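Right, one structure below, let's go through it.
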Amino acid sequence: MSNTITIEPVSRIEGHAKITIHLDSKNSVKTARFHVNEFRGFEKFCEGRLMWEMPGITSRICGICPASHLIASAKAGDEILAIAIPETAENLRRILTLAQWIQSHALSFFHLSSPDFLLGFDSDPAKRNVFGLMEDHRDLVRRGIRLRKFGQEVIEILGGRRIHTPWAVAGGVREPLDTGNRDSMLGWIPEAKETTRIALTLFKEVLDKYQQDIVSFGSFRSLFVGLVSDKGDLEYYHGSLRVMDGLGNVIADKLDARRYFDYFAERAESWSFLKFPYYKKLGFQRGAYRVGPLARVNICDQISTPLAEAERVQFKEMTGEAGAQNNSFYYHYARLIELLFAVEEMERLLNDPVTLGRTTRSKALINRSEGVGAAEAPRGILFHHYTVDENGVLQKVNLLIATAQNNSAMNRTVTQIATQFIDDAKLTEGILNRIEAGIRCFDPCLSCSTHALGAMPLHVQLVSEEGIILDEVKR
Amino acid sequence: MQKVDSKPRVATVWLGGCSGCHMSFLDMDERLLELADRIRLVYSPLADVKEFPRDVDVTFVEGAVSNEENEHMAHIVRRNSRYVVSLGDCAVTGNVTALRNKHSNVEIIHRSYVELADKTPSLPIQFNTVAQLLPQARPLHEYVNVDAFLHGCPPTADQIWFAVNELLEGRVPVFSTIYLRYG
Ligand code: SF4
């Protein structure tokens, strides 16, 4: 038995997790593990349900990104019907996807991560949360709340409710958008741009201030995977898969997302409910990859909207020699760039006359026995894969979720931070929070990843090689 | 932990659910600022305190009791809270989390970690690190007494706002029929 430190639960992320840190006989960090602790079994219990129900059921995988599951599920349904959806429906689904990005990225930055940035990693844990932040940074918190509200309101206008709307269906969407509602969405755009700009300024100050700390925040080469458009633009709805290595070389391009199973496999480990996907061609170790904002901003050749593109150029300059940004702390930066893109892109779509079209649904019966739907969820690419019988009754379901695809990277990040900050087997509050903050870079959604979630007390134990408890911290 | 001020102490807890109920809590939007003036959030997945405190006035619980840790937590919550509220259909009925109940744990684990994993399958069964699933996911009130129930998947932000206000006034919320819906 080697020495073990446990952090339980990892808080201010979306889900149920703990961390153990294993020390060797000299009390240096050997390895660290990020354990995901719950499991809900969607891949089994969806068997026997109707394909038509899946958008409604699978959105319940996750209350933070239900709209992304809704879209991936509806797209898998489109494949099974073997039809093209109306142009208007595609625009509306795109708007929904962007609204989902906006609310989720705002949540990640303002509600969950900014307490670390503004109050400090070593500040009082009783106050280090969004409610604590309201005391001294009320206006900023109000802005963050309103940015998230904007995303949620767009979802509500389109789908009739904020969380778990059943609005997207195989073949399109249920309701068109009218001019009045379109205008009220447009009304939010200036404020949303301004808030995102403020967040970017704030984040750049944080980058300067914490230069020392962040060198070990998950800085290593890995593959990056995500969608790009035909022209190589940042993409979130259609497009094809690109794989980039840590030096910025594109090692695979224009892969059909519907054949994800040809390129990726998942491995299970006995100590976590979250599996470890990898790029098959390079094997389990070398094939570890990252998805989500950092990956998307790394792999694209450009962003199609001007403000976000200007930021992307700055972001690229910070990557130095390597053609890709390998430091996971820059997830936060990439997330804000995507926020800006989402606001600009939504404005473009809202001003497109096609968006106000009246035909939003194509109808067909079951024409194929298999369908894969892929979409870029806030945390990365998401795949829903269904096999059905001739009546549309599900025979098999596979879900490959964004957060799982960052699992290897999250484990490496925790190990790196632990190695840097743990000395002589001593624990401090600030160290623990740094480790958690490393995890928060990825904004993991454990609700999604295991189709599960929860929260538990922090209990850190440092256990010697003989299994004796050397140190213990609770808070 | 000792009381730092006289504000009511509120906690939120996440068991076997999707976090949607917590997101609906955040959907109170600007009202959260008002709430922050009136309450102290002493424990929540949104905050950093890791050990469930003593002497909590109101605890909102999202999710079904699905594994051994959820069960353990349910008892800790009950022992230390004046009011316990089931927040949303998973806590109230089991809902989506309980859809697994028609299968055995072996079946659902086999599906995800053997059939849908590569050729070196290994099951998540180190129960000193991951929590063991209970045979079924069950509603919270089958394990502990619950004082109020918020229906909905998730309950709406208005419904949660109403409940918070009633509880802060020391009244158990009685919902008018518009709030009595599932799904
Ligand atoms: S009641 Fe609905 S929203 Fe709440 S946790 Fe359960 S599935 Fe999610």
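Source: prediction; values computed, not measured. Throughout, a chain's letter reflects where its sequence line sits, starting with A, and its residues are numbered from 1. Side chains are part of it too, since the values below use all heavy atoms of this structure and drop only hydrogens, waters and symmetry mates.
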Where on [X] is there a heavy atom nearer than 4.5 Å to chain B: the side chain, the backbone, both, or neither?
| X | value |
| --- | --- |
| Y278(A) | side chain |
| R49(A) | side chain |
| E47(A) | both |

Heavy-atom check, side chain of [X] versus side chain of [Y], under 4.5 Å:
| X | Y | result |
| --- | --- | --- |
| K149(A) | M28(B) | no |
| R40(A) | C18(B) | yes |
| R161(A) | P154(B) | yes |
| R162(A) | T156(B) | no |
| D29(B) | R146(A) | no |

Would you say NZ of K281(A) has more than 12 non-hydrogen atoms from neighbouring residues, nucleotides or ligands within 6.0 angstrom? no
Around atom NE2 of H75(B), are there more than 12 heavy atoms of other residues, nucleotides or ligands at under 6.0 Å? yes
For H164(A), check ring-ring contact (aromatic ring centres under 6.0 Å, His included) against everything at least two apart and list the hits. none
Nearest-0.5 Å distance that lies between atom [atom1] in [X] and atom [atom2] in [Y]:
| X | Y | atom1 | atom2 | answer |
| --- | --- | --- | --- | --- |
| L32(B) | I145(A) | CG | CD1 | 5.0 Å |
| N129(A) | S44(B) | CG | OG | 7.5 Å |
| K127(A) | R40(B) | NZ | CZ | 6.5 Å |
| L26(B) | I64(A) | CG | CD1 | 9.0 Å |
| L33(B) | F131(A) | CG | CZ | 8.5 Å |
| R148(A) | M23(B) | CZ | CE | 6.0 Å |

Honestly, the part of D37(B) sitting under 4.5 Å from a heavy atom of chain A is side chain
Distance-only, no hydrogens or angles: does the R111(B) side chain make a donor-acceptor pair with backbone N or O of F45(A) under 3.5 Å? no
Pick from V96(B), T12(B), L99(B): which one has the most heavy-atom pairs with chain A under 4.5 Å? L99(B)
For chain B, find which of R138(A), R142(A), K396(A) contributes the most heavy-atom pairs closer than 4.5 angstrom. R138(A)
S19(B) to G63(A) - nearest heavy-atom pair and separation: OG-N, 3.5 Å
